[in-house]
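These notes concern the structure reproduced below.
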Amino acid sequence: MARPPALKLVEVLAAIRMSPSAFYRLRARGQAPRMIKLPNGELRCRRADLDAWWEACERDTPGWR
């Protein structure tokens, strides 16, 4: 079974509507979605990891519904 391609960082940023600097601050604090660092230094994110991160954000935000 073929694995779906991982999202590029620019695609993740567009999906979550976040600037690169804000994303890297989250990443430094360990609060960003799980990322894969490729040998060339580029970052990728599996769609399932991004969806799980969104779910966690929704659970951690009381009163947001």
Side-chain angles (χ1 to χ4, degrees):
M1 185 168 119
R3 183 180 284 186
L7 301 169
K8 295 180 180 181
L9 180 58
V10 68
E11 295 170 320
V12 172
L13 295 174
I16 62 176
R17 298 180 188 182
M18 186 177 286
S19 69
S21 59
F23 179 83
Y24 282 114
R25 281 193 302 271
L26 274 183
R27 188 167 151 83
R29 292 191 303 248
Q31 298 174 332
R34 183 171 178 255
M35 301 297 288
I36 302 162
K37 189 169 186 179
L38 300 178
N40 64 1
E42 291 183 15
L43 295 174
R44 297 286 191 272
C45 182
R46 289 189 181 97
R47 186 73 199 174
D49 291 333
L50 183 58
D51 291 342
W53 178 79
W54 271 118
E55 291 289 326
C57 289
E58 288 176 355
R59 281 193 307 271
D60 294 342
T61 307
W64 173 262
R65 288 197 189 226

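Owing to the predicted nature of the structure, the values given are computational and were not obtained by experimental measurement.
In this structure, Arg44 and Met35 have side chains that are not in contact, with every pair of non-hydrogen atoms separated by 4.5 Å or more.
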Which atom pairs, donor and acceptor, lie under 3.5 Å between side-chain atoms of residues 4-23 and protein residues at least two apart or in another chain?
unit_1: Glu11; atom_1: OE1; unit_2: Lys8; atom_2: N; d: 2.7
unit_1: Ser19; atom_1: OG; unit_2: Ser21; atom_2: OG; d: 3.3
unit_1: Ser19; atom_1: OG; unit_2: Ala22; atom_2: N; d: 3.2

Side-chain donor-acceptor pairs of residues 46-53 under 3.5 Å, sequence neighbours excluded:
unit_1: Asp49; atom_1: OD2; unit_2: Arg34; atom_2: NH1; d: 3.3
unit_1: Trp53; atom_1: NE1; unit_2: Gln31; atom_2: O; d: 2.7

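Both Leu26 and Tyr24 are part of a single hydrophobic cluster, where members link through side-chain heavy atoms under 4.5 Å apart.
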